[in-house]
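As structure tokens, the structure follows; a few thoughts come after it.
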There are 2 protein chains.
Amino acid sequence: MRPDGKRAQISRRVRLKDVAERCGVSTATVSRALSGRGYVEASLARRIHDMALRLNYPLPSSQAGRRVLLAASGAALLDFARSQFTLHVLEGISARCRTLGLEVETRHVSTVADEAALLEEAADDAIAGVLMLTIDDGGMLALARNFRKPVVLVNGDDADMRLSSVAPCNRSAAALATQHLRALGHQRIAFLTCPGRRTIARRQEGWRDAMGAAADPSLVIEVDDWRSDLAAEALSRRLATGMAFTAILASGDALAIGAYRALNAAGRRIPGDVSVISIDGLPQTQLLDPPMSVMAIPMQALGATALDLLCELAANPAAPRRRVELACELLRRRSDGPAPEGLAG
Amino acid sequence: MRPDGKRAQISRRVRLKDVAERCGVSTATVSRALSGRGYVEASLARRIHDMALRLNYPLPSSQAGRRVLLAASGAALLDFARSQFTLHVLEGISARCRTLGLEVETRHVSTVADEAALLEEAADDAIAGVLMLTIDDGGMLALARNFRKPVVLVNGDDADMRLSSVAPCNRSAAALATQHLRALGHQRIAFLTCPGRRTIARRQEGWRDAMGAAADPSLVIEVDDWRSDLAAEALSRRLATGMAFTAILASGDALAIGAYRALNAAGRRIPGDVSVISIDGLPQTQLLDPPMSVMAIPMQALGATALDLLCELAANPAAPRRRVELACELLRRRSDGPAPEGLAG
DNA sequence: GTGAAAGCGCTAACAA
DNA sequence: TTGTTAGCGCTTTCAC
């Protein structure tokens, strides 16, 4: 919503003046009260807010000039060095910040004590709110719930919905990829994963949903860390024991790259013998041989949406907390194809 | 985002002038191009849009003056007459429309043919997008997926995430209410529901999550319609067979009211003998005797958020589809209490 | 179809 | 803590 310019007297939108007149104060006072910048007496400010709400005045949701604190977990920073998922999310956050006139400051947070310090820093008036990137720890979530400013979880969520969050729709991403493979005739689709995070558990649920009765637990291959070498090793072992499957759904690009290696080493062609699809879809997956088919997570949008949500919550603290899930997109490249005849049935 | 006023020269936000200079045109032309009002040559308009994007100019996302079509299912309209859930959602939509300068028009849609007609009407330039209220039908959802303007499902969602949606977080609402009852010592908590809709299935999942091993299927009481009389009847029958429980979680207010009646008729005190909590939380539940404890769905916020989402999608058609879930709030009134001693163990 | 210029809503500086 | 006032960004009118 922006000012109307010349034609204003015709449009009957609510203006600052309307609110000011009904409250018996100047437009400047109303402006200060609604934007939160400058001094207005508390009870007057409340009266003005109520009137603005009653008249449906479009509240200025601008947080321009304020700062946002980004709490990044050790996991997020590790990933930063390793797979750049975090990097792309940060790009989305930064771009949106520039647009909205905010600034982000990153803080490394790995203990509840770190977080307490961060929350204390965030109490400052210049801070609009806190973004928490890839943080699952129950204690840290509990602490954040009682914070009086907006907190938005990025790439994670709160089961009890007491904190707002933005994450990819992991469950439907995995389900859609699995459905796609089934439509290509695959029946035994392995799920390669590194369990632990809630968001990753959701991906496994999606695979299970789409597999239905065919969700044989022995098709799940687990590794202890998001490392290609571990994934390659684990898959090679399974291959050696004669595990039967015609497709692999990997719950992360690093694992899928490990699968490529193990399959190459075992002489299995991609996608002739085994189709591979990965969830995440970092840009570098298109440079692999063959270019990898992926369920791409909208990483920039994840960051941008989180910031938008933070601003909305800052502008309207009474709004209910919300969980936002972003749709992922299947990018078909060269690593998936029809199930081989012999093994299809 | 709004104009900066006096201090503008200090803040280094991007202005119309910046875009205008880089494109070699006047600010007026850029204004027309970005707002879509007035005449700008198509190729120039595209150049201006690209530049605005590149410079991170805050695009005016205003849809003021346009219209929104609200497709309401038979179920929604039935509910309108019966429980006013729909009424409150509509209030949220209307209030937000007034704020944003849009208009809503409601269309009754019960067949795919109705919907096709609605979508044809929505192709008009003056229509910003379509809101679909309480619509689950697979065929109708499929048709909407291919529509080139924003479509937002209200009080429902798309399993495949190809349509955006806003709904209460039914699963956590039911889980939180159940956890609350368990914390009060209740062990046998009946779940009174009318199965059918996806959103209602989610509530049952939440009950099951929170019950864990205690989720005895015989604790689920199902009725065929959202009517108090049917719920009262069903519960009375169960009571007569000696069904043991100390609390009831109802998946809708109408059913909970039926439970009140059946319990009164059977001489069971609320909450002395049986605690009752309902999900929905329409205002009238506080007038019951005893005032009913509820998991309140933020109905106005549901409508308002749906409209905001529609506007965001209209302003940025490239954004990924999203599912938004709103937190519900436990309103403790007088119908829940500690489990009676005798039956608690 | 475009630019110049007028006019409006809003914010910030300043006085009280 | 508030109102006055200047001044900015944006939109619209109007001339071409």
Side-chain angles (χ1 to χ4, degrees), chain A residues 1-49 51-52 55-66 98-102 125-126 128 315, chain B residues 1-49 51-52 55-66 98-101 315:
Chain A
M1 198 90 324
R2 41 194 56 251
D4 262 4
K6 228 175 192 173
R7 254 290 115 91
Q9 65 280 14
I10 286 179
S11 115
R12 267 334 299 154
R13 264 203 4 251
V14 184
R15 329 214 157 285
L16 272 190
K17 209 174 111 182
D18 300 317
V19 182
E21 277 171 5
R22 304 244 193 166
C23 290
V25 296
S26 71
T27 58
T29 304
V30 176
S31 171
R32 279 192 294 265
L34 295 181
S35 72
R37 290 169 229 278
Y39 307 94
V40 179
E41 194 223 350
S43 71
L44 176 58
R46 191 162 31 252
R47 259 180 51 222
I48 292 173
H49 264 102
M51 181 58 70
L55 299 181
N56 278 306
Y57 177 79
L59 287 169
S61 62
S62 168
Q63 300 293 319
R66 301 180 81 185
R98 258 171 287 142
T99 303
L100 300 172
L102 318 208
D125 273 347
Chain B
M1 195 89 326
R2 41 195 54 255
D4 260 5
K6 226 177 195 173
R7 255 290 116 89
Q9 64 281 14
I10 287 180
S11 118
R12 266 334 299 152
R13 265 207 359 254
V14 184
R15 328 215 159 287
L16 270 191
K17 207 175 110 182
D18 300 316
V19 182
E21 277 171 5
R22 304 245 193 165
C23 290
V25 294
S26 70
T27 58
T29 304
V30 177
S31 171
R32 279 192 293 262
L34 295 180
S35 71
R37 292 169 230 277
Y39 305 96
V40 179
E41 195 223 349
S43 72
L44 175 58
R46 192 164 29 253
R47 260 180 51 222
I48 291 174
H49 264 102
M51 181 58 71
L55 298 181
N56 277 307
Y57 177 80
L59 287 168
S61 62
S62 168
Q63 302 291 320
R66 300 180 80 185
R98 258 172 287 142
T99 303
L100 300 172

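In what follows, every chain begins at residue 1, and chains take the letters A, B, ... in the order their sequences are listed. Every value quoted in this text rests on a predicted model; they were computed, and no experiment measured them.
Put simply, the side chain of A:Leu16 reaches to within 4.5 Å of the side chain of A:Tyr57, judged on heavy atoms. A:Arg22 is not listed as a side-chain neighbour of A:Arg47, based on a closest heavy-atom distance of 4.5 Å or more. Side-chain contact between B:Gln63 and B:Leu100: absent, with no pair of heavy atoms (C-beta onward) separated by less than 4.5 Å. Looking only at side-chain heavy atoms (C-beta outward), B:Asp18 and B:Arg15 come within less than 4.5 Å of each other.
Considering all non-hydrogen atoms of both residues, A:Val14 and A:Asn56 come closest at CG2-O, 4.1 Å. Here the shortest heavy-atom pairing between A:Ala52 and A:Leu59 reads CB-CD2, 4.3 Å.
Distance from the side chain of A:Arg32 is smallest for D:dT2 among the nucleotides D:dG9, D:dT12, D:dT2. Among the nucleotides D:dT2, C:dG3, D:dC10, the one closest to the side chain of B:Leu16 is D:dC10. In this structure, of C:dC10, D:dT11, C:dT2, it is D:dT11 that holds the atom nearest to the side chain of B:Ser31.
The nearest whole Å value for the distance from the OH atom in B:Tyr39 to the P atom in D:dC14 is 15 Å. Summarising the geometry, the separation between CG on B:Leu34 and P on D:dG9 is reported as 16 Å, rounded to the nearest angstrom. When the P atom of C:dT2 is taken as reference, atom CG of B:Leu44 falls 5 Å away, rounded to whole Å. Look at OH on A:Tyr57: it is 10 Å from P on C:dG9, rounded to the nearest Å.
Using a 4.0 Å cut-off on heavy atoms, the residues of residues 19-29 of chain B that approach DNA chain D are B:Ala28, listed by number.
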